[in-house]
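A short worksheet on the structure shown next.
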Amino acid sequence: MSGRSINSVFYAETYHPIQAGSIDGTDTAPHDNAVYRALLCSSAGLYDPFGDPKAIGDPYCTIFVGRLSHLTTEDTLRKAMSKYGKVKNLRLVRHIVTGASRGYGFVEFETEREMRRAYKDAHHSYIDDSEVIVDYNRQQLMPGWIPRRLGGGLGGRKESGQLRFGGRERPFRAPL
């Protein structure tokens, strides 16, 4: 698999917790608590993306599927994703206590070509009457990546008006 070609969709080679929340990547000090937590986790090495025993398979052939209906099962997700290629492995993330769906999952395809087709065509499609989002499995691909629950992620628009960028929906554009 070509690891370098998939990195071209990311907007940085490595994840930097402070600069990820900056509109132009020039911030030098944390500007909110989430960024501060991300900085602590990255510097202390608290998060290991390969430490999850359930995360198996080739990350270059895996996509993230979010905003799933809580009624969606593994079978319906497999049926919906098999339109784009042969599904090798599928994991619907569930609540550890109740077993209810958390609304997202990971789908591994046989080839990187099938994964790219699903990335392109399945985004904003409907599964069980819910519009889903599809993105790359960033946690195992981007060095230094920290999950959103630990203060990482690619951000979004904050309520305070501070601009954050990232992800497929809001790519970085330089300010005027």
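Worth saying up front: this structure is predicted, and the values here are computed from it rather than measured.
The side-chain heavy atoms of T62 and V107, taken from C-beta on, include no pair separated by under 4.5 Å. Two residues are said to be in side-chain contact when any heavy atoms from C-beta on lie closer than 4.5 Å; I127 and M81 meet this criterion. Side-chain contact between Y60 and R116 is absent, with no heavy atoms from C-beta onward closer than 4.5 Å. With contacts defined as side-chain heavy-atom distances shorter than 4.5 Å, the pair E131/R67 does not qualify. Looking at F109 and V87, their side chains come closer than 4.5 Å, going by heavy atoms from C-beta outward. A heavy-atom distance below 4.5 Å is not found between the side chains of L90 and F106.
Taking every heavy atom of both residues into account, G85 and R117 meet most closely at N-NH1, 4.4 Å. Nearest heavy atoms, L68 versus G105: CD1-N, 4.1 Å. Closest non-hydrogen pair, G57 versus E108, comes out as CA-OE1, 3.4 Å.
Between the side chain of H123 and the backbone N or O of V134 there is at least one donor-acceptor pair closer than 3.5 Å.
Distance check: I63 CD1 to K120 NZ gives 14.5 Å after rounding to the nearest 0.5 Å. How far CG of D129 is from CG of L71: 9.5 Å, rounded to the nearest 0.5 Å. Here CD of E114 is found 10.5 Å from OG of S82. Values are rounded to the nearest 0.5 Å.
The pair E74-R94 meets the salt-bridge criterion, with a side-chain N (NZ, NE, NH1 or NH2) lying under 4.0 Å from an Asp/Glu carboxylate O.
The aromatic rings of F64 and Y104 sit tilted, their planes meeting at an angle between 30° and 60°.
When V132, T72, L92 are each tested for a side-chain contact (heavy atoms from CB on, under 4.5 Å) with V65, only one passes: V132.
Screening residues 75-84 for salt bridge (Lys or Arg N to Asp or Glu O under 4.0 Å) gives no qualifying pairs among residues at least two apart or on separate chains.
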Contacts table for residues 95-102: side-chain donor-acceptor under 3.5 angstrom, sequence neighbours left out:
residue : atom : partner : partner atom : Å
H95     : ND1  : V97     : N            : 3.0
H95     : ND1  : T98     : N            : 3.2
T98     : OG1  : A100    : N            : 3.3
S101    : OG   : G103    : N            : 3.1

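Residues meeting the ring-ring contact (aromatic ring centres under 6.0 Å, His included) test with Y84, sequence neighbours left out: none.
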